[in-house]
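To keep things clear, I will list the structure first and then write my remarks on it.
All heavy atoms count here, side chains included; hydrogens, waters and symmetry mates do not.
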Amino acid sequence: MCGRFAVTTDPALLAEKIKAIDEATSTSTSEPNYNVAPTTTIATVVTRHSEPDDEATRRVRLMRWGLIPPWVKASKDGTPDNKGPLLINARADKVATSPAFRGSAKSKRCLVPMDGYYEWRVNSEPGSAKKAGKTPFFMYRGDGEPLFAAGLWSVWKADKEADPLLSCTIITTDAVGELAEIHDRMPLMLGEGDWDAWLNPDAALNEELLSRPPDVRDIEVREVSKLVNSIRNNGPELLEPAKPEPEQITLL
């Protein structure tokens with residue numbers, strides 16, 4: 001799964017870097033977020049038409065992390081009345097058939113840019129089935145470039161006259177290589193050569209992109225501080241290598 005990640009690139013700079021229209025900066029002041037949690041508004045990348053017959057263009061657009069299907073009813077206060085789990089992740093092998101995701105999979109596919117994501121490894125005491133807590137790790141590109149996770153997005157409206165609420169989910173797949181030693185799932189990362197095929201709103205879902213093993217050759221793993229466990233903590237220190245814990249001294 002992917003339940004927490006870090007983003008420090010300004011959307012305007014991201015748009016310039018990937019040759020996209022910046023639709024995010026005018027509606028939000030962007031600050032680095034080292035501990036992005038579900039329901040946070042995040043920058044995503046989509047390809048859309050301005051007019052039905054024009055050429056689709058790449059855009060950086062803000063969305064709520066946690067997809068809200070368009071059929072979710074509105075509560076009395078005009079917010080989504082969604083009593084189910086937060087749809088922050090979607091399994092790659094289920095997106096084409098799941099009622100929550102299959103509509104978005106047809107033409108509302110996105111990318112979620114990030115510096116890297118966090119995952120927690122479950123620890124076990126040697127010789128015992130008892131678990132000994134979890135250790136957080138940060139997965140990132142060694143060359144400092146952003147990662148781009150495949151995602152889906154949706155448009156939700158409380159009624160026909162209401163402003164649209166855009167929301168998204170991150171697609172996950174089986175972890176491979178060293179990453180599988182941390183957790184059995186990981187975000188489905190796509191390289192630049194696959195972006196157009198994935199984002200094209202006029203093309204059918206390319207299921208080959210969903211089924212092939214992800215390329216993780218550029219991804220590195222670093223143990224980080226347990227400060228990341230709390231979403232109240234949000235600073236560059238979360239990305240720093242974990243410091244060795246002090247040895248326990250037993251007094252006889």
Side-chain angles (χ1 to χ4, degrees), residues 1-20 30 32-37 40 42-47 58-60 65 88-93 95 109-121 134-152 168-200 205-225 228 235-242:
M1 65 175 293
C2 176
R4 215 80 66 77
F5 60 93
V7 176
T8 62
T9 303
D10 181 85
L13 295 178
L14 173 67
E16 182 179 356
K17 182 181 182 67
I18 65 173
K19 297 179 175 58
S30 177
N33 191 337
Y34 298 91
N35 205 353
V36 180
T40 300
I42 60 173
T44 66
V45 183
V46 300
T47 297
R58 192 180 293 171
R59 300 142 189 263
V60 175
W65 183 24
I88 62 171
N89 291 159
R91 289 182 61 98
D93 56 346
V95 297
R109 301 179 293 271
C110 66
L111 296 170
V112 179
M114 59 182 71
D115 291 28
Y117 70 98
Y118 301 100
E119 196 54 83
W120 282 258
R121 184 185 65 196
K134 297 181 180 181
T135 301
F137 291 83
F138 185 62
M139 275 59 78
Y140 63 100
R141 279 187 57 147
D143 59 6
E145 290 296 309
L147 291 166
F148 289 83
L152 305 173
C168 66
T169 187
I170 293 174
I171 296 176
T172 65
T173 188
D174 291 333
V176 297
E178 185 181 7
L179 304 185
E181 299 175 10
I182 308 299
H183 196 278
D184 62 347
R185 304 291 296 174
M186 64 171 287
L188 176 60
M189 300 301 178
L190 295 180
E192 187 172 358
D194 294 322
W195 293 355
D196 288 340
W198 177 252
L199 296 175
N200 187 349
L205 174 67
N206 185 335
E207 298 198 29
E208 192 270 335
L209 294 177
L210 294 171
S211 60
R212 73 186 184 197
D215 184 354
V216 298
R217 288 175 295 178
D218 296 328
I219 298 181
E220 299 185 9
V221 178
R222 177 167 66 227
E223 182 181 344
V224 293
S225 168
V228 73
E237 66 276 6
L238 299 185
L239 305 184
E240 295 176 0

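A centroid separation of less than 6.0 Å is found between the aromatic rings of Trp195 and Phe148.
Between the side chain of Arg58 and the main chain of Ile18, a donor-acceptor pair closer than 3.5 Å is present. Remark: side-chain polar atoms of Asn35 are not paired, donor with acceptor, to backbone N or O of Ala37 under 3.5 angstrom. Under a 3.5 Å cut-off, the side chain of Trp198 and the backbone N or O of Cys110 do form a donor-acceptor pair. No donor-acceptor pair under 3.5 Å is formed between the side chain of Arg121 and the backbone N or O of Lys134. A donor-acceptor pair under 3.5 Å is absent between the side-chain atoms of Arg141 and the main chain of Glu220, judged by distance alone. Between the side chain of Thr169 and the main chain of Leu152, no donor-acceptor pair closer than 3.5 Å is present. Between the side chain of Asn33 and the backbone N or O of Val7, no donor-acceptor pair lies under 3.5 Å. One N or O on the side chain of Ser211 and one on the backbone of Glu207 form a donor-acceptor pair closer than 3.5 Å.
The shortest non-hydrogen separation linking Lys17 to Pro146 is CE-CD, 4.1 Å. Nearest heavy atom pair, residue Pro113 against residue Leu14, reads CG-CD2, 3.5 Å. Residue Val228 comes nearest to Leu238 through the heavy atom pair N-CD2, 3.8 Å, listed as atom of the first residue, atom of the second, then distance. Asn89 and Cys2 make their closest contact through OD1-N, 2.7 Å (heavy atoms, listed as atom of the first residue, atom of the second, distance). Nearest approach of Pro187 to Thr173, heavy atoms of both residues: O-CG2, 4.5 Å. Of all heavy-atom pairs spanning Val60 and Ala20, the tightest one is CG2-CB, 4.1 Å.
In this structure the side chain of Val216 never reaches within 4.5 angstrom of the side chain of Glu178, judged on heavy atoms. Contact check for Ile88 versus Trp65: side-chain heavy atoms found under the 4.5 Å cut-off. Under the 4.5 Å side-chain criterion, counting only non-hydrogen atoms from C-beta, Thr44 is not in contact with Leu111. With contacts defined as side-chain heavy-atom distances shorter than 4.5 Å, the pair Glu223/Phe137 qualifies. In this structure the side chain of Val112 reaches within 4.5 angstrom of the side chain of Phe5, judged on heavy atoms. In this structure, the side chains of Ile170 and Met114 come closer than 4.5 Å at one or more pairs of heavy atoms. At least one side-chain heavy atom of Thr9 sits less than 4.5 Å from a side-chain heavy atom of Asp115. You'll find the side chain of Leu209 reaches within 4.5 Å of the side chain of Asn206, heavy atoms only.
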Legend entry - Steps toward side chain to side chain contact (heavy atoms under 4.5 Å, CB included) verdict (Ile171, Leu210): CA-CA 9 Å; Ile171 296 176; Leu210 294 171; 4.1 Å; yes
Inset, instruction - Go through Val224 and Leu239 one step at a time and tell me if the side chain to side chain contact (heavy atoms under 4.5 Å, CB included) criterion holds. - result: CA-CA 6 Å; Val224 293; Leu239 305 184; 5.6 Å; no
Inset, instruction - Tell me, with the steps shown, if Asp174 and Arg185 meet side chain to side chain contact (heavy atoms under 4.5 Å, CB included). - result: CA-CA 5 Å; Asp174 291 333; Arg185 304 291 296 174; 2.8 Å; yes
Inset, instruction - Evaluate the criterion side chain to side chain contact (heavy atoms under 4.5 Å, CB included) for residue pair Leu205 and Arg109; output intermediate values, then yes/no. - result: CA-CA 9 Å; Leu205 174 67; Arg109 301 179 293 271; 3.7 Å; yes
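Of the inter-residue distances, the one linking Leu147 atom CG with Asp218 atom CG reads 9.0 Å to the nearest 0.5 angstrom. Separation of atoms NE2 (His183) and OG1 (Thr172) is listed at 9.0 Å; rounding is to 0.5 Å. Atom CG of residue Leu188 and atom CZ of residue Arg91 lie 12.5 Å apart, to the nearest 0.5 angstrom.
Heavy atoms of other residues, nucleotides or ligands lying less than 6.0 angstrom from CD of Glu192 number 12 at most.
Under the 6.0 Å distance and 45° angle rule, Arg4 does not count as a cation-pi partner of Tyr117.
Trp120 and Tyr118 have tilted rings, their planes meeting at an angle from 30° to 60° on a 0 to 90° scale.
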